[in-house]
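Take a look at the structure set out below.
Worth knowing before you read on, the calculation uses all heavy atoms, side chains too, and leaves out hydrogens, waters and symmetry mates.
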Amino acid sequence: LSGYRWVILGLTVIGFVQTHVHRLAFAPLIPTFVTDLGLTYAAAGTIQTAYFWTYMTAQVPIGVTADRWGARRVMLACMAVLAVGALAFALSRTYVESIAARMLVGLGAAAVWVPGMRLVKKTVNQDDVSAYHLFYADGLASPGSDLTFFDWPVGRERRGTHSIARTGLRVAGEGTL
């Protein structure tokens, strides 16, 4: 991959991580919000729901906007909105401020997945088989049954440190093979 492609991939990964952090990190903090803001658990759940409803509602308009203005611009602008929303959420002191901040985070996060995938698609040559992700699993999606490979060119193998000479896989039995 060229340097530009690595930058696009890196920014997309950062965006994906931020989206998932904001999606998943709130739930363990609900008891803290209940105590600090004097909320009920239902009110804390509504704060989290504000993120998801905004995220869902913004998907189509964000897709149309990305088609019109370009995925890179829209994704970077919305990552900034996500950051502002996260800061506003950290500084919020009331229920209404928390909901408004979570809605900003949801709006910013909405523009990460679709434009991010478009950026990756546009920057990774689809005809370059070395960029393909080879995926093997048991067909049932059993946890721990998957194995993935990227066929990227690397230097010739050198035995010793920083190399893999043999890979062993633990399987449930002969039928798995």
Side-chain angles (χ1 to χ4, degrees), residues 1-67 69-124 131-135 137 141-150 152:
L1 292 174
S2 72
Y4 179 73
R5 290 178 183 176
W6 282 113
V7 170
I8 293 296
L9 187 60
L11 286 174
T12 304
V13 167
I14 289 169
F16 289 165
V17 168
Q18 282 298 308
T19 298
H20 290 293
V21 164
H22 289 289
R23 191 178 291 172
L24 301 172
F26 183 76
L29 298 174
I30 285 178
T32 304
F33 283 96
V34 166
T35 303
D36 289 354
L37 297 177
L39 301 174
T40 65
Y41 279 92
T46 302
I47 293 170
Q48 176 65 349
T49 303
Y51 165 88
F52 288 109
W53 279 103
T54 307
Y55 182 92
M56 179 197 70
T57 304
Q59 290 290 300
V60 171
I62 289 293
V64 171
T65 305
D67 286 343
W69 293 349
R72 182 176 41 190
R73 287 181 186 153
V74 171
M75 185 175 173
L76 289 175
C78 285
M79 284 175 71
V81 169
L82 189 149
V84 168
L87 180 63
F89 186 63
L91 297 174
S92 65
R93 298 288 175 241
T94 67
Y95 176 67
V96 173
E97 289 174 1
S98 298
I99 287 179
R102 288 300 285 176
M103 289 175 76
L104 266 179
V105 171
L107 179 62
V112 172
W113 181 254
V114 175
M117 287 293 96
R118 176 175 286 216
L119 285 173
V120 171
K121 182 178 184 269
K122 286 175 79 173
T123 56
V124 175
Y132 289 177
H133 180 191
L134 304 175
F135 178 80
S142 302
S145 69
D146 61 318
L147 185 64
T148 59
F149 300 94
F150 287 96
W152 288 343

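Summarising the geometry of C78 relative to I62, their closest heavy-atom pair is SG-CD1, 3.9 Å, with the distance given to 0.1 Å. For W53 against T57, the heavy-atom pair with the smallest separation is O-OG1, 2.7 Å. Taking each heavy atom of A110 and Q59 in turn, the nearest pair found is O-NE2, 3.2 Å. Smallest separation of non-hydrogen atoms from P61 and A58: CD-O, 3.3 Å. Of all heavy-atom pairs between V105 and A86, the closest is CG2-N, 3.4 Å. Across all their heavy atoms, L24 and P28 have their closest contact at O-CD, 3.4 Å.
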### Query
Where do Y41 and V34 land on the side chain to side chain contact (heavy atoms under 4.5 Å, CB included) test, with the steps shown first?
CA-CA 6 Å; Y41 279 92; V34 166; 3.9 Å; yes
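Here the CG-NE2 distance, from L82 to H22, works out to 4.5 Å after rounding to the nearest 0.5 Å. We find the CZ-CG distance between R72 and L11 to be 10.5 Å, quoted to the nearest 0.5 Å. Between T40 atom OG1 and I30 atom CD1 the span is 10.5 Å, to the nearest 0.5 Å. Note that OG1 of T49 and CE of M56 are 11.0 Å apart. Values are rounded to the nearest 0.5 Å. Atom CG of L29 sits about 11.5 Å away from atom CD1 of I47, to the nearest 0.5 Å.
Surrounding CE of M79 are more than 12 heavy atoms belonging to other residues, nucleotides or ligands, all under 6.0 Å away.
Ring to ring, F89 and F33 are close: their centroids are under 6.0 angstrom apart.
Cation-pi geometry between R23 and Y51 is not satisfied (NZ or CZ under 6.0 Å from the ring centre, within 45° of the ring normal).
Contact check for V81 versus L104: side-chain heavy atoms found under the 4.5 Å cut-off. Between T46 and L39, the closest side-chain pair of non-hydrogen atoms is not below 4.5 Å.
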